[in-house]
Every structure is written in structure tokens, then in C-alpha cells.
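Here is the structure we will look at, set down as C-alpha cells.
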Protein chains: 2
Amino acid sequence: MKLSTKGRYAVMAMVDLATHSDGKPVSLGDVAERQEISLSYLEQLFGRLRKNGIVTSVRGPGGGYLLARSARDTRVADVILAVDEPIKATRCTPGSSTGCRGRQQRCLTHDLWEELGNQIYLFLSSVSLADVVERRVLGTSGMLFQRDHEGRVAANR
Amino acid sequence: MKLSTKGRYAVMAMVDLATHSDGKPVSLGDVAERQEISLSYLEQLFGRLRKNGIVTSVRGPGGGYLLARSARDTRVADVILAVDEPIKATRCTPGSSTGCRGRQQRCLTHDLWEELGNQIYLFLSSVSLADVVERRVLGTSGMLFQRDHEGRVAANR
DNA sequence: TAGTTCTCGACTAGAACAGTTGGTTAATTC
DNA sequence: GAATTAACCAACTGTTCTAGTCGAGAACTA
């Protein structure tokens with residue numbers, strides 16, 4: 001599970017879509033203006049989303065994009081997986097079980113990345129677009145960590 | 001909380017350090033060879049780790065790096081925060097509460113990224129270097145998602 | 001003094017990100 | 001049927017980050 005600004009842009013746009021679609025298609029031009037993302041970049045992202053069956057498209061005037069499923073059934077994880085290509089296995093890629101065998105059989109940190117990837121995926125697939133729209137994202141929040149005046153990392157335990 | 005291969009390299013190196021240090025300093029040359037990471041790149045990373053008080057250094061022959069605290073008290077999150085500079089707030093940066101006010105007061109997905117960042121941080125600070133060394137990273141694991149033959153994303157629920 | 005190891009800064013090829021440009025195709029409206 | 005709308009598509013670009021290289025120096029040990 002890769003986390004990039006690309007995935008975040010896609011989620012922002014999809015939330016916008018979920019918010020402003022009342023059964024009618026929403027044009028990317030509108031989304032671009034509201035979210036202040038370039039139209040052409042959105043086109044690239046929605047190309048991916050369409051190929052992955054997350055949205056459907058309607059061409060021509062009054063056209064645009066529609067959620068393929070309801071906002072409640074579209075999970076944030078689906079959106080991110082659709083736009084972020086599965087990464088090619090470098091050294092020890094979180095998702096795949098191959099790739100991290102240098103000279104040892106399996107790198108020491110393998111389980112850690114695997115587990116972290118699962119945690120992230122579990123969280124993001126527990127959240128639907130509807131949850132985001134209705135601001136139903138539980139706030140455990142609070143300042144959990146800071147940097148001191150010298151720039152060093154300090155945690156508030 | 002930024003997740004990059006850079007942070008992963010740092011954690012791999014720190015786990016190596018925790019594994020091979022029996023009170024004596026471990027030279028970066030040894031770590032580089034074992035982990036197959038370039039020495040000069042490691043030097044950059046350990047410069048950051050030292051400035052953030054994660055490791056201490058000993059110069060000269062027989063020198064190297066030592067954990068500043070015990071492996072049990074050094075958390076994976078600390079390592080990653082030390083090497084990954086706090087990102088400059090682009091549009092809606094997960095960590096900081098500023099930055100995502102385009103024309104609205106606060107973007108719809110803000111809470112989502114904030115909460116995700118917290119989830120990741122909580123997980124990574126619950127794991128110490130000792131946990132990784134002793135392979136004590138709980139495996140909720142299993143294949144949670146896949147792509148079908150057309151490359152589309154599908155989840156195993 | 002020689003050799004080891006850390007320390008520091010500048011530089012680099014390659015990749016990814018975010019966006020641009022310039023088209024085409026399909027549907028609607030005039 | 002012509003003009004307009006908006007999805008589609010491909011190639012290209014400036015910027016940033018990654019991962020690494022290179023060179024010089026400073027501290028310590030033998």
C-alpha cells in the first residue's frame with residue numbers, strides 16, 4: 001500500500017464527486033475548480049479510476065463522472081489502490097513477499113513492513129467516501145509528537 | 001508521518017545495529033556490507049539519527065555507532081521521524097493542521113489524513129527495535145487484497 | 001605518523017510528481 | 001449539420017526526491 005500525494009488527490013476528487021453528485025454526472029472541470037487541481041491531471045487520475053471500475057463516465061455535454069457504487073460502498077482504500085500502480089519490488093517492498101532476499105533468506109524488517117501495510121490497508125478500507133463526506137472519521141487525534149527547538153524529535157507520551 | 005524507502009533503509013540499518021552491537025560501536029562499513037546499502041548513503045542517514053539523539057558516535061579505529069538508548073527503548077517511529085524531514089505543507093499535509101485551506105476553511109479529507117497519520121504513528125511507536133530483532137511483530141497478515149487478471153483491484157473480504 | 005572511522009558539503013542519474021499541450025472521439029444543443 | 005461540451009489519449013516538461021558518488025577534513029587509536 002503506497003501512500004502518495006497522488007492518492008490523496010484522487011481521494012479529494014472522489015469525495016468532491018460524492019458530495020456534488022445527485023444522480024447526475026459531475027464534470028472534471030467542476031471538480032478541478034473546486035479542489036484546485038489541474039484538469040489534465042485529474043483526467044489522468046480518473047482514467048485509472050475508470051479502468052479499475054471505481055467510476056463510470058458519461059460523454060458529451062452534461063456528461064462527467066459518476067460513482068460506480070454508492071459512496072457508502074466505495075472505500076478510500078479502493079481509490080488509492082486504483083491510482084497508485086503496484087510498485088515494482090525494490091529491496092523489501094511492503095506488499096509483496098518477494099524481493100527482500102539479499103543474501104539472507106528474508107530481511108529482519110520484513111514482518112514489520114508487512115504488518116504496517118496491513119494496518120494502513122485495514123484503516124483505509126474501513127473508511128468509505130460517505131464517512132469522509134459526513135465527517136465521520138473518528139478523531140483519536142491530538143498532538144502526538146513534536147520537534148523541540150533544536151529540531152530533534154520528541155514524543156508526548 | 002511520511003513513509004519512504006529512506007525511512008525503511010534507516011530502520012533496516014538500526015535493526016542491524018541493534019543486532020550486532022554487544023556494547024561495542026558498530027562501524028557503518030559493516031552495516032553497509034551486511035544490509036547492502038551504500039556506505040555514503042548510510043552516512044547521511046546516520047548524520048540525521050545522531051542529530052536527533054537516536055544514536056551516538058565514536059570516532060577513530062574501532063569506532064562506529066551505538067544506540068543512544070536500549071533497543072527496547074528505541075521505537076521504530078523515532079527512527080523514521082529522524083531521517084524523514086518534516087514535510088513542507090503542500091496542499092493538505094497529514095501532520096500539520098495548516099496548509100489545506102484553499103478557499104474553504106478546511107478540506108473535506110483533512111480529518112482522514114490526520115487520523116491515518118495517527119494510526120501509522122501509533123503502530124510504529126508501539127514497535128521497538130528489540131521487537132523487530134526478536135521477530136515479535138504480530139502477524140495479522142494474510143493476503144488482504146489482490147488484483148484480478150485485468151489488473152483491477154479486488155479485496156478479499 | 002599511519003590508518004581507521006566519522007563528519008560534512010557538493011554533486012549526479014534516475015524516477016516520480018504535478019502539470020501542460022494538443023489533439024481525438026462521443027454526445028448534446030442550436 | 002455545425003458548434004459546443006466533455007471525456008479520452010499520448011507525449012512532453014519543470015521540479016522534487018531518492019539513492020548514490022566524490023572529495024576533503026577531523027578525531028581517534030596503534
Side-chain angles (χ1 to χ4, degrees), chain A residues 2-13 17 20-21 24-33 35-52 54-66 68 80 83-93 102, chain B residues 2-13 17 20-21 24-33 35-52 54-66 68 80 83-93 102:
Chain A
K2 197 176 148 197
L3 286 178
S4 63
T5 50
K6 192 171 175 176
R8 285 214 292 275
Y9 274 106
V11 174
M12 285 168 64
L17 204 70
H20 293 91
S21 172
K24 299 285 163 202
V26 179
S27 78
L28 285 194
D30 291 350
V31 177
E33 200 187 347
Q35 298 301 316
E36 302 179 72
I37 305 172
S38 91
L39 173 59
S40 319
Y41 193 43
L42 274 184
E43 284 176 347
Q44 289 177 36
L45 298 181
F46 273 77
R48 295 261 183 88
L49 292 170
R50 192 174 55 86
K51 283 186 189 115
N52 281 295
I54 311 290
V55 294
T56 56
S57 59
V58 180
R59 299 176 85 152
Y65 286 92
L66 288 164
I80 294 182
V83 298
D84 277 324
E85 281 304 290
I87 41 261
K88 54 184 183 309
T90 33
R91 201 65 60 85
C92 174
T93 313
Chain B
K2 197 175 148 195
L3 286 177
S4 64
T5 49
K6 192 171 177 177
R8 285 214 292 274
Y9 274 107
V11 173
M12 285 167 64
L17 204 71
H20 294 91
S21 172
K24 300 284 162 206
V26 179
S27 78
L28 283 195
D30 292 349
V31 177
E33 200 185 347
Q35 298 300 318
E36 302 178 70
I37 305 173
S38 92
L39 174 59
S40 318
Y41 192 44
L42 274 183
E43 284 176 348
Q44 288 178 35
L45 298 182
F46 274 76
R48 296 261 184 88
L49 292 170
R50 191 176 56 86
K51 282 185 190 118
N52 281 295
I54 311 290
V55 294
T56 56
S57 59
V58 180
R59 298 173 89 153
Y65 287 92
L66 288 163
I80 294 181
V83 297
D84 277 325
E85 281 303 290
I87 41 261
K88 56 184 181 306
T90 32
R91 200 66 59 87
C92 174
T93 312

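Reminder, nothing fancy here: chain letters follow the sequence lines and each chain counts from 1.
Residue A:Leu28 is in sugar-phosphate contact alone, with no base atom involved, counting any heavy-atom pair closer than 4.0 Å across all strands shown. Among the heavy atoms of the strands lying under 4.0 Å from A:Tyr65 are primed sugar atoms or P, OP1, OP2 only; no base atom is included. Among the protein residues, A:Gly29 comes within range of no part of the nucleic acid, since none of its heavy atoms lies under 4.0 Å from any strand. Nucleic acid contact class of A:Gly47 (heavy atoms, under 4.0 Å, all strands): none.
Checking D:dA26, C:dC8, C:dG19 against every side-chain atom of B:Arg59, the shortest atom distance belongs to D:dA26. For A:Pro61, the side-chain atoms get nearest to C:dA27 when compared with the rest of D:dT18, D:dA11, C:dA27.
A:Gln44 places its CD atom 12 Å from the C1' atom of D:dC8, with the value rounded to the nearest Å. Distance A:Lys24 NZ to C:dT28 P: 11 Å, rounded to the nearest Å. A:Lys6 has its NZ atom 19 Å from the P atom of D:dT16, to the nearest Å. Computed from coordinates, the A:Leu45 CG to C:dA16 P distance equals 16 Å when rounded to whole Å. Here D:dT5 presents its C1' atom at 12 Å from CG of A:Asp30, a figure rounded to the nearest Å. Rounding to whole angstrom units, CD of residue A:Glu43 and P of C:dA18 are separated by 17 Å. The interatomic distance linking B:Arg48 (CZ) with D:dC17 (C1') rounds to 11 Å, in whole Å. Rounded to an integer number of Å, the gap from CD1 of B:Ile37 to C1' of D:dT18 is 13 Å.
Between B:Tyr9 and B:Tyr41, the two ring planes are perpendicular [angle over 60°; tilted spans 30° to 60°].
Taking both residues in full, the closest heavy atoms of A:Leu39 and A:Gly29 are given as CD1-N, 3.8 Å, listed atom of the first, atom of the second, then distance.
The residue among A:Ser38 and B:Ser27 whose nearest nucleotide of DNA chain C lies closer to the 5′ end is B:Ser27. Each of A:Val58 and A:Gly7 was assigned the nucleotide of DNA chain C with the nearest heavy atom; the assignment lying further toward the 5' end belongs to A:Gly7.
Once rounded to the nearest 0.5 Å, the distance linking CG of A:Leu42 with CE of A:Met12 reads 9.5 Å. The CZ atom of A:Phe46 sits 5.0 Å away from atom CG of A:Leu17, with the distance rounded to the nearest 0.5 Å.
Contact check, A:Ser57 against D:dA6: no side-chain N or O comes under 4.0 Å of OP1 or OP2. Note on B:Ser40: every side-chain N or O is 4.0 Å or more away from OP1 and OP2 of D:dC22. Look at A:Tyr41 and you won't find any side-chain N or O under 4.0 angstrom from OP1 or OP2 of C:dG19. Neither OP1 nor OP2 of C:dT5 sits under 4.0 Å from any side-chain N or O of B:Arg50.
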Verdict with reasoning, A:Ile37 to A:Val31, per side chain to side chain contact (heavy atoms under 4.5 Å, CB included): CA-CA 8 Å; A:Ile37 305 172; A:Val31 177; 5.8 Å; no

